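Structure first, commentary second.
The figures that follow rest on heavy atoms only: side chains count, while hydrogens, waters and symmetry mates do not. First the proteins, then the strands, lettered A, B, ... as listed; each starts at 1. Everything numeric in this text was worked out from a predicted model, so none of it was measured.
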Amino acid sequence: MDKDIYLSNSLGGNKEIFKPIDAKKVRMYVCGPTVYDDPHIGNARPLVVFDILFKVLKCKYGKSSVLYVRNITDVDDKIIEGAKLKNISIDKLTTNIIKRFNDDCDYLNCEKPTFEPKATENIPLMINMINILIQKNNAYENKSHVYFDVSSFKDYGKLSKKNVDELFAGARVEISENKKRSEDFVLWKPSKNEEPGWDSPWGRGRPGWHIECSAMSKKYLGDTFDIHGGGRDLLFPHHENEIAQSRCANENKHLSNFWVHNGFITISNEKMSKSQGNIFKIKDFYKKYNGQVLRLALMSTHYKQAMDWSEDLLIQSKKTLDKWYECQKKPEGKVLIPDEDLNPLYDDINTPGYISNIHKLYDKAVKGSDKDKEIFTTACNFVGLLTESKSKWNDFKNNTLEISEEVILQKLKDRNTARDNKNYELADKIRNELLDKGVLIEDKDDKTTWKIK
RNA sequence: GGUAACGUGGCGGAAUGGUUACGCAGAGGAUUGCAAAUCCUUGUAUCCCGGUUCGAUUCCGGGCGUUACCUCCA
């Protein structure tokens, strides 16, 4: 489609026309997981949001013209703590969690990014970047620690619209003995023997939290790229610090031209947090819901808004997909989604607006031709919905059932016998029994069929 | 306290300087032994107070409310 893509840019705070630096090589970096615990639905949101943005970008610029990099941070204090807590090796923990993460991505039907670099495989790049920052007087070493000197970077706070003086004047943050100012942040820190560490000019140690993204985005996307994405919580300090490191090391005006942040998921309007005990892991939904249900649920709110997670939301999403799967028809050959229907996605990834259009395409498809059904299905497929076969969708539901198919068929037989004898009381009783077990009966024409509620 | 985002019907949730999408739930109808499914029809909303304007839910100001962020170090 010729239409421009619009994106809300956290840098500046306005919705802008998206123009890539090079239309033949559109570059997006999204902050991936720190692999210390099972991914939760808060992690699921950026996965789906940026998966859709990836698809939209490919739609406009061509499949092979879009690079999508999502890092895996596999060295961090939280990982060290997590391994200790679970009493397993760090290696085992990160391997486990990376597997979980990949399973969750599959479950949510997210495409693989172009590159998924791991922090531990890029330590030399980080050391190199830290060296440059020290040389340029943007960083200093003290007692085997290296800190970034925030006062050396005049644009610090620009992304998150924070005034550095005000931010740290409150004296809420204690000044560490090792660093000059409270706002400075660590680039490198020493590791104890049992902790993971790498040799460096400042002794055996490990990188600070932010430097891995600066090093890896540079490696795969260069000094300046088009889009940097992640959750709202990363805006400060993580992205602010990334900008400081990268721009000082690379001496350029922008790290990324666009900064895109997705909002939070809340539970009963409270932020998910461990202390509240209200964290939902993605794998907790494996048995009860097809991943498509979560995907549609995550699309039902615009990515910038906070979204409240609820069982009701999932029930509605499931119901909608049930309806949509009835109308699924695999497109034969190339089918185009009408521009006017695609429009909302180009306008700042407006997924609710797009869903609305899918509903309209559905209305048309139900009454219309095979072609209409193919257009409807294509529109769903575009955002990763209705991609599995109808039988697979139904199989998933059957697997959640506690009653065997044999028993169901026998009950249907009994009921129809009762109906033939006009014993409607018994017939209704059987129907309600099955309904209690989640089996819904439909009398259509002369045939009785059943399905999972 | 500082900063930012948000406030739309019963619920979820878009859009918009002038008839306020879409879904769920509700109501009425067709159909049905009753249901289910499907189809048709349908009611209901822009937090409060000012300002700009012929006209504000939309723009501006104030208020109220909700939420988030305020690191690393510890």
Side-chain angles (χ1 to χ4, degrees), chain A residues 8 10 13 76-77 145-148 150 157 159-179 181-189 207-211 231-241 261 263-264 266 269-271 273 296-297 299-302 304-310 312-320 322-324 326-327 343-344 347-348 350-363 366-367 415 418-425 427-429 431-432 434-435 439-445 448-451 453:
Chain A
S8 285
S10 303
D76 183 85
D77 288 359
H145 289 73
V146 182
Y147 292 98
F148 186 90
V150 167
L159 174 71
S160 53
K161 293 171 188 146
K162 287 184 191 301
N163 179 312
V164 183
D165 295 336
E166 280 175 15
L167 183 59
F168 296 97
R172 256 188 64 183
V173 185
E174 278 180 53
I175 295 179
S176 155
E177 286 175 23
N178 295 325
K179 57 185 181 182
R181 290 180 200 81
S182 57
E183 61 266 36
D184 294 349
F185 57 91
V186 72
L187 297 171
W188 189 265
K189 57 183 151 193
W209 171 31
H210 317 291
I211 195 75
R232 249 221 118 64
D233 53 335
L234 297 178
L235 197 123
F236 187 88
H238 186 238
H239 289 161
E240 199 69 69
N241 292 354
H261 292 101
F264 273 118
T266 57
N269 286 319
E270 302 260 355
K271 190 190 169 186
S273 70
L296 179 60
M299 288 172 59
S300 70
T301 302
H302 185 96
K304 282 199 296 183
Q305 304 280 9
M307 125 172 251
D308 203 48
W309 193 257
S310 67
D312 192 52
L313 176 70
L314 294 174
I315 292 168
Q316 262 195 40
S317 300
K318 186 179 159 200
K319 213 169 160 179
T320 302
D322 256 330
K323 191 170 94 171
W324 285 357
E326 290 297 318
C327 195
N343 258 337
D347 186 8
D348 203 18
N350 184 352
T351 47
Y354 187 67
I355 291 171
S356 164
N357 286 346
I358 293 180
H359 278 296
K360 288 176 193 163
L361 289 174
Y362 168 84
D363 283 342
V366 163
K367 297 170 215 160
R415 174 170 170 272
R419 289 172 76 209
D420 289 342
N421 296 332
K422 302 223 185 279
N423 184 353
Y424 294 121
E425 206 178 314
D428 289 354
K429 195 182 152 214
R431 196 190 60 224
N432 288 330
L434 286 171
L435 195 62
V439 177
L440 199 70
I441 290 172
E442 291 179 15
D443 298 319
K444 235 184 248 175
D445 302 325
T448 299
T449 57
W450 64 277
K451 65 180 189 180
K453 191 166 61 173

With a cut-off of less than 4.0 Å, is there a side-chain N or O of [X] near OP1 or OP2 of [N]?
X	N	result
A:Asn350	B:rA15	yes
A:Lys323	B:rU38	no
A:Lys189	B:rC73	yes

- Query: Just by modelled atom types, is the A:Thr448 backbone N or O under 3.5 Å from a matching donor or acceptor in the A:Asp443 side chain?
  - Reply: no
- Note on the structure: Note on RNA chain B: ranges paired as stems (three or more Watson-Crick/G-U pairs in a row, both atom distances under 3.5 Å) are B:1-7 with B:64-70, B:10-12 with B:22-24, B:26-30 with B:38-42, B:47-51 with B:59-63
My understanding is that only residues two or more places apart in sequence, or in another chain, count here; which of them pass salt bridge (Lys or Arg N to Asp or Glu O under 4.0 Å) with [X]?
X	answer
A:Asp428	A:Arg431
A:Glu442	A:Lys444, A:Lys451
A:Asp77	A:Lys189, A:Arg206

- Base, backbone or nothing for each nucleotide of nucleotides 4-12 of chain B, written B, S, -, heavy atoms under 4.0 angstrom, 5' to 3'? --S------
- Item | Euclidean distance for C1', B:rU42 against B:rA15 (whole angstrom) | 23 Å
- Message: Pair A:Ser317, A:Met299 - check side-chain contact (heavy atoms from CB on, under 4.5 Å), show working.
- Response: CA-CA 10 Å; A:Ser317 300; A:Met299 288 172 59; over 6 Å; no
When the distance from [atom1] of [X] to [atom2] of [N] is rounded to whole Å, what number comes out?
X	N	atom1	atom2	answer
A:Arg431	B:rC34	CZ	P	11 Å
A:Leu234	B:rC70	CG	C1'	15 Å
A:Asn241	B:rC73	CG	P	12 Å

Polar atom pairs (N or O), protein with nucleotides 20-22 of chain B, under 3.5 Å:
from: B:rA21; atom 1: O2'; to: A:Lys360; atom 2: NZ; distance (Å): 3.3
from: B:rA21; atom 1: N3; to: A:Ser356; atom 2: OG; distance (Å): 3.4
from: B:rC22; atom 1: O4'; to: A:Ser356; atom 2: OG; distance (Å): 2.9

